[in-house]
Amino acid sequence: MAIIFGRPKYPSSAEGGSSYSITLPVERMRLIAYFFFVTLCGFALILFNTLVLPRIEAGAPDGTPTEEMGCGPFNRDVENGSNGMKDFGLHFGEGFNLENSHLTELFGFVNVCVLWDYTPAREIVAMYFPLFEYSLAGYVALDLIYVTLSHKRGEIPDWYFSLVKIVSPFTILLIAWFRMIFVMIAYTNPQEHSLAFLGMQTALVSVVIMNSLFVILS
């Protein structure tokens with residue numbers, strides 16, 4: 001059965017034929033991703049200083065039943081804590097600050113994640129985070145397209161193109177898994193929480209290495 005297509009109802013917007021040219025703002029997308037990360041950290045810092053720090057320093061609210069004194073981030077006691085915990089001298093329900101936070105207990109120091117480890121900063125920053133996640137993942141995807149076009153033009157060797165095709169999907173996956181820092185809470189699953197953070201660091205290092213190789217080889 002033959003299919004007959006009628007004349008288009010609306011005028012074509014194509015100029016000079018049916019060919020289209022698309023400009024991929026690869027490096028602009030990278031800048032957008034870094035902008036969202038910097039503003040995310042700044043936003044989290046404001047939330048931490050205004051909403052989180054007074055809350056965790058105060059400890060469990062007045063009137064909290066004895067059996068609930070160790071709930072949430074205040075579930076630490078010098079008698080059954082880690083070696084780092086023994087130096088803090090904290091008991092169930094007592095407040096704390098950055099110097100004796102859960103990350104300090106685990107590693108001996110804190111990182112930027114501490115700014116959104118505790119409620120309500122964790123929930124608020126989690127809503128802003130996709131702007132950084134999607135823009136950085138989008139950059140990696142656009143960079144893969146750019147590398148593909150460069151390979152077709154003969155600007156890079158085959159082995160580098162093959163390496164990019166292997167590394168890029170894993171990089172995007174690690175970027176997406178960084179959201180687990182909001183799922184694996186620092187004071188209940190510190191190892192898994194830190195693993196998600198390490199995954200993002202691995203992704204960023206991968207981007208730096210692949211970009212450096214591109215500059216050297218092209």
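Numbering starts at 1 and runs along the sequence shown.
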ask   = Rounded to the nearest 0.5 Å, what separation is found between the OG atom of Ser162 and the NE2 atom of His151?
value = 7.0 Å
note = The reported gap from CD1 in Ile32 to CD in Glu27 (rounded to nearest 0.5 angstrom) is 11.5 Å
request  = For the residue pair Glu192 and Val183, establish whether any side-chain heavy-atom pair is separated by less than 4.5 Å.
outcome  = no
task = Go through Phe43 and Ile124 one step at a time and tell me if the side-chain contact (heavy atoms from CB on, under 4.5 Å) criterion holds.
result = CA-CA 10 Å; Phe43 183 41; Ile124 298 174; 3.6 Å; yes
key: Minimum-distance pair of heavy atoms, taken over all atoms of Ser168 and Val140   = O-CG1, 3.9 Å
query = Of the non-hydrogen atoms in Cys41 and Leu115, which two are nearest, and what is the gap between them?
reply = O-CD1, 3.9 Å
message = Nearest 0.5 Å, please: how far is CG in Leu45 from CG in Leu53?
response = 10.5 Å
inquiry  = Can you tell me if Phe214 has over 12 outside heavy atoms packed within less than 6.0 Å of its CZ?
reply    = yes
request  = Compare all side-chain heavy atoms of Tyr128 with those of Thr39 and state whether any distance is below 4.5 angstrom.
outcome  = yes
Phe132 and Phe35: CA distance, side-chain angles, deciding distance, ring-ring contact (aromatic ring centres under 6.0 Å, His included) verdict = CA-CA 8 Å; Phe132 165 63; Phe35 168 79; over 10 Å; no
Closest heavy-atom pair and its distance - Pro130, Met127 = CD-O, 3.4 Å
key: Path from Leu213 to Val207 over hydrophobic side-chain contacts below 4.5 Å   = yes
inquiry  = Checking Val215 against Asn211 for the side-chain contact (heavy atoms from CB on, under 4.5 Å) test, could you report, in this order, the C-alpha distance in whole Å, the side-chain angles of both residues, the deciding distance, and whether it holds?
reply    = CA-CA 6 Å; Val215 172; Asn211 287 348; 5.7 Å; no
query = Between Tyr187 and Asp117, is there a donor-acceptor pair closer than 3.5 Å when you use the side chain of the first and the backbone of the second?
reply = no
task = Enter the distance from Cys113:SG to Ile181:CD1 here, rounded to the nearest 0.5 Å.
result = 4.5 Å
inquiry  = As a quick check of understanding, evaluate side-chain contact (heavy atoms from CB on, under 4.5 Å) for Met200 and Leu136, giving each step before the final call.
reply    = CA-CA 11 Å; Met200 173 58 75; Leu136 184 59; 4.0 Å; yes
message = Quick one, His193 and Ile185 - any side-chain contact, counting heavy atoms below 4.5 Å?
response = no
ask   = Can you find a pair of side-chain heavy atoms, one from Leu204 and one from Phe37, that are under 4.5 Å apart?
value = no
Heavy-atom check, side chain of Arg30 versus side chain of Val26, under 4.5 Å = no
ask   = Which heavy atom of Phe36 sits nearest a heavy atom of Ser135, and at what distance?
value = CD1-OG, 3.7 Å
key: Separation between CZ of Arg55 and OH of Tyr118, rounded to the nearest 0.5 Å   = 12.0 Å
key: Main-chain N/O of Tyr139 paired to Asp143 side chain as donor or acceptor, under 3.5 Å   = no
query = If two hydrophobic side chains count as joined below 4.5 Å and joins carry through other members, does Tyr134 share a cluster with Leu173?
reply = no
task = Specify the closest pair of heavy atoms between Phe129 and Ile175, including all atoms of both residues, with the distance to one decimal.
result = CZ-O, 4.5 Å
task = Determine whether Trp159 and Ile209 fall in the same hydrophobic cluster, where Ile, Leu, Val, Met, Phe, Trp and Tyr are linked whenever their side-chain heavy atoms lie under 4.5 Å apart.
result = yes
query = Do Met184 and Leu195 share a hydrophobic cluster (ILVMFWY, side-chain heavy atoms under 4.5 Å, transitive)?
reply = no
ask   = Any side-chain heavy-atom pair from Pro120 and Leu47 closer than 4.5 angstrom?
value = no
request  = Please test Thr202 against Phe197 for side-chain contact (heavy atoms from CB on, under 4.5 Å), starting from the C-alpha separation and ending with a verdict.
outcome  = CA-CA 9 Å; Thr202 303; Phe197 182 74; over 6 Å; no
request  = Output the distance between atom CE (Met180) and atom CG (Asn189), rounded to the nearest 0.5 Å.
outcome  = 9.0 Å
Side-chain touch Met210/Leu163, heavy atoms, less than 4.5 angstrom = yes
key: Transitive ILVMFWY side-chain link Val167 to Leu198, under 4.5 Å   = no
remark   = Taking every heavy atom of Pro54 against every heavy atom of Phe48, the minimum-distance pair comes out as CD-O, 4.3 Å
message = Test your reading of the model: is there a side-chain donor-acceptor pair from Arg122 to the backbone of Trp116, 3.5 Å cut-off?
response = no
